[in-house]
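One structure is given below, encoded as structure tokens.
Reminder, nothing fancy here: chain letters follow the sequence lines and each chain counts from 1. We use all heavy atoms of the structure for the numbers below, so side chains are in, but hydrogens, waters and symmetry mates are not. Everything numeric in this text was worked out from a predicted model, so none of it was measured.
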There are 2 protein chains.
Amino acid sequence: MATPATARTEGLRDRKKRETRTALSDAALDLAAERGLDHVTVDDIAERAGVSTRTFFNYFPSKEDAVLIPDDDLGTRIRTMVLNRPRHEPPLTAVREMLLDEIGTADVDHHRWVLRMQVVRQHPDLLNRAFLSGAATEQQLANALAERLDLPADHTYPRLVAAAAGAAFRVAITRWSTPTDPPVLADVLSEAFHLLERGLPAPTEQP
Amino acid sequence: MATPATARTEGLRDRKKRETRTALSDAALDLAAERGLDHVTVDDIAERAGVSTRTFFNYFPSKEDAVLIPDDDLGTRIRTMVLNRPRHEPPLTAVREMLLDEIGTADVDHHRWVLRMQVVRQHPDLLNRAFLSGAATEQQLANALAERLDLPADHTYPRLVAAAAGAAFRVAITRWSTPTDPPVLADVLSEAFHLLERGLPAPTEQP
DNA sequence: CACCAAGGTGCAGACACTGCAAACTTGCAG
DNA sequence: CTGCAAGTTTGCAGTGTCTGCACCTTGGTG
């Protein structure tokens, strides 16, 4: 049959749960994009998703999480990916390739990101949580880099590389999530890293 | 007289207001550093500061703000400072010098920052709000850079420079706010910017 | 001294979020 | 197909954040 492989082990129970989850995050994203996150209550979201308010909190700890859908495993995944890059690669290169792999693997829904950015634009403080699932992930990236370089965990260098990489990632997705003229995400990200590797020269300085 | 200029126009009323404000933020910072921000209620803070709960909200919109004391003018201040830098300076240099000026002017209390970092370490998502008063300020920096370079406001380059500068600033203050071995803030910041300007070479690559 | 504006306070109320226990659904074995 | 065990949904009570409003107190001013 055409049934996806996941369906073999997935019963009615798990399917419903997954449906409820996406119904909730869809409702949250749509409503927030329409009226702005402040003018959406959890009751609104639950009602549109067709479940009780209490159930909402069984799936997401807060309104924000329903909109952003943080990836809890991303931190550890990033960690192992960075440690598995070839030894000879410079740190920034390793991080760049790791991120390109990641966005290549995870199929990112452009339309969804456009909506999400509409929300984030009204709440700039969500920016960091939105892209790398928060500052904690960046921390783990910094730790992985420190380990890779045999440096103490609180050394300036790995932290700066991680923070700069996070900056590049945020800028790339922000640009890519613009309604008009959406370029290829991998290209924008590569461009941002290229600029970082060149020391951020002024546009007039580059031929 | 030795009386500061501000005291001339400041009556009892304004003095009390200022005292209440610092009493509240002191109480918030101390309590949060002791027990962690989650285990501190606004009532606790108000009680220690000797005012009513309602009064707390007349001064700060939230617990977090009392601990972080965001600087609302920072965005516009940064903007004019960046636009006033000499024309010939590369963007990253202009931002570096601007930030060095800023931390030189504002007298930053080291002890207070150490406490604040204890809180932030338990709530990494506060990191951005803590240092540049949030992502909105970084946005304004990006806008100022775009204007300076005659680029569209949503161009990749100014956004990336602003984000990278924010990263450097965060890393510098994080390092400086460590209880042990607190180096000079300006030095750490300069070092971070130097690394950025060099394209973040691996430590082994630098002689 | 008398008035006024500004700050402090209490109260009611909206909303976010959590723990608990009851009701219900699904998966599975007998 | 029947019934039990496990997982899910839900209501409810309770805590805590935060806001608008009305009242009161007090410093500044003429």
Side-chain angles (χ1 to χ4, degrees), chain A residues 3 6-25 27-29 31-32 34-70 119 122-123 125-126 129, chain B residues 6-29 31-32 34-70 72 119 122-123 125-126 129 134:
Chain A
T3 320
T6 56
R8 185 155 282 293
T9 61
E10 189 196 55
L12 187 77
R13 202 173 213 125
D14 305 83
R15 199 195 68 203
K16 275 200 168 180
K17 200 172 174 184
R18 203 165 36 82
E19 283 173 353
T20 305
R21 189 181 189 76
T22 62
L24 280 171
S25 82
L29 188 50
L31 286 172
E34 281 175 27
R35 323 179 193 162
L37 194 53
D38 309 321
H39 301 101
V40 177
T41 70
V42 174
D43 296 272
D44 295 335
I45 301 171
E47 189 185 359
R48 179 170 291 200
V51 297
S52 75
T53 305
R54 188 63 184 82
T55 297
F56 174 91
F57 289 107
N58 286 340
Y59 284 88
F60 300 99
S62 73
K63 260 193 303 184
E64 287 77 15
D65 289 280
V67 173
L68 303 179
I69 323 182
V119 180
Q122 299 169 347
H123 297 262
D125 286 353
L126 294 182
R129 280 179 69 182
Chain B
T6 56
R8 185 155 282 292
T9 62
E10 189 195 57
L12 192 90
R13 209 179 201 110
D14 304 83
R15 199 194 72 205
K16 275 200 168 179
K17 196 174 175 182
R18 202 164 38 81
E19 282 172 354
T20 304
R21 188 180 191 79
T22 63
L24 280 171
S25 81
D26 283 352
L29 188 50
L31 286 171
E34 280 175 28
R35 323 178 193 162
L37 194 54
D38 308 323
H39 302 103
V40 177
T41 69
V42 173
D43 297 88
D44 295 335
I45 301 171
E47 188 186 359
R48 178 169 292 200
V51 296
S52 75
T53 305
R54 187 62 184 85
T55 297
F56 173 92
F57 288 107
N58 285 339
Y59 284 88
F60 301 99
S62 74
K63 260 194 301 185
E64 286 78 14
D65 290 281
V67 173
L68 304 179
I69 325 182
D72 293 333
V119 179
Q122 298 170 347
H123 297 263
D125 286 353
L126 293 183
R129 282 178 68 182

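- The separation between B/His39 atom NE2 and C/dC17 atom C1' is 15 Å, rounded to whole Å.
- Nucleic acid contact class of B/Phe60 (heavy atoms, under 4.0 Å, all strands): none.
- Checking D/dC12, D/dT9, C/dG8 against the side-chain heavy atoms of A/Arg54 singles out D/dC12 as nearest.
- Straight-line distance from the CZ atom of B/Phe57 to the P atom of C/dC11: 16 Å, rounded to whole Å.
- Side-chain proximity of A/Thr55 to the nucleotides C/dG8, D/dT9, D/dT19 is greatest for D/dT9.
- When the C1' atom of C/dA6 is taken as reference, atom CG of B/Asn58 falls 11 Å away, rounded to whole Å.
- For B/Ser62 and D/dT17, the shortest distance from a side-chain N or O to OP1 or OP2 is not below 4.0 Å.
- Taking side-chain N and O atoms only, A/Ser52 has a distance below 4.0 Å to OP1 or OP2 of D/dT10.
- Spacing between atom CZ of B/Arg18 and atom P of C/dG7 amounts to 14 Å, rounded to whole angstrom units.
- Between B/Arg48 and B/Glu34, at least one side-chain N (NZ, or NE/NH1/NH2) sits under 4.0 Å from a carboxylate O, which counts as a salt bridge.
- In this structure, of C/dT26, D/dT10, D/dT17, it is D/dT17 that holds the atom nearest to the side chain of B/Asp43.
- Side-chain contact check for A/Ser52 and A/Thr55: at least one donor-acceptor pair (N or O, by modelled atom type) lies under 3.5 Å.
- Residue-to-nucleotide proximity on DNA chain D shows that, of B/Arg13 and B/Pro61, the 5′-proximal contact is made by B/Pro61.
- Separating the CG atom of A/Asp44 from the P atom of C/dC15 is a distance of 8 Å, rounded to the nearest angstrom.
- Residue A/Ile45 is tested with A/Val51, A/Thr53, A/Leu31, A/Val67 for a side chain to side chain contact (heavy atoms under 4.5 Å, CB included); the sole match is A/Leu31.
- Of all heavy-atom pairs between A/Ser62 and A/Phe56, the closest is O-CZ, 3.7 Å.
- Considering only side-chain atoms of A/Thr41, the nucleotide from C/dA16, C/dT9, D/dT9 that sits closest is C/dA16.
- With rounding to whole Å, A/Asp38 atom CG is found 13 Å from D/dC18 atom C1'.
- In this structure, B/His39 and B/Asp44 approach most closely via the heavy-atom pair O-OD2, 4.2 Å.
- Taking atom CD of B/Glu19 as the reference point, atom C1' of C/dG7 lies 14 Å away to the nearest angstrom.
- Both B/Phe56 and A/Gly50 lie close to DNA chain D; mapped to their nearest nucleotides by heavy-atom distance, the more 5′-ward contact belongs to A/Gly50.
- Applying the 4.0 Å criterion to OP1 and OP2 of C/dT26, one finds that A/Lys16 has a side-chain N or O inside that range.
- OP1 or OP2 of D/dT17 lies within a sub-4.0 Å distance of a side-chain N or O belonging to B/Lys63.
- The phosphate of C/dG8 has OP1 or OP2 within less than 4.0 Å of a side-chain N or O from B/Tyr59.
- Of the candidates C/dA16, D/dT8, D/dT10, the closest approach to any side-chain atom of A/Val42 belongs to C/dA16.
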* Show the numbers, then the answer: is there a side-chain contact (heavy atoms from CB on, under 4.5 Å) between A/Asp38 and A/Gln122? => CA-CA 10 Å; A/Asp38 309 321; A/Gln122 299 169 347; over 6 Å; no
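- Note: NZ (B/Lys17) to P (D/dT26) measures 18 Å, nearest angstrom.
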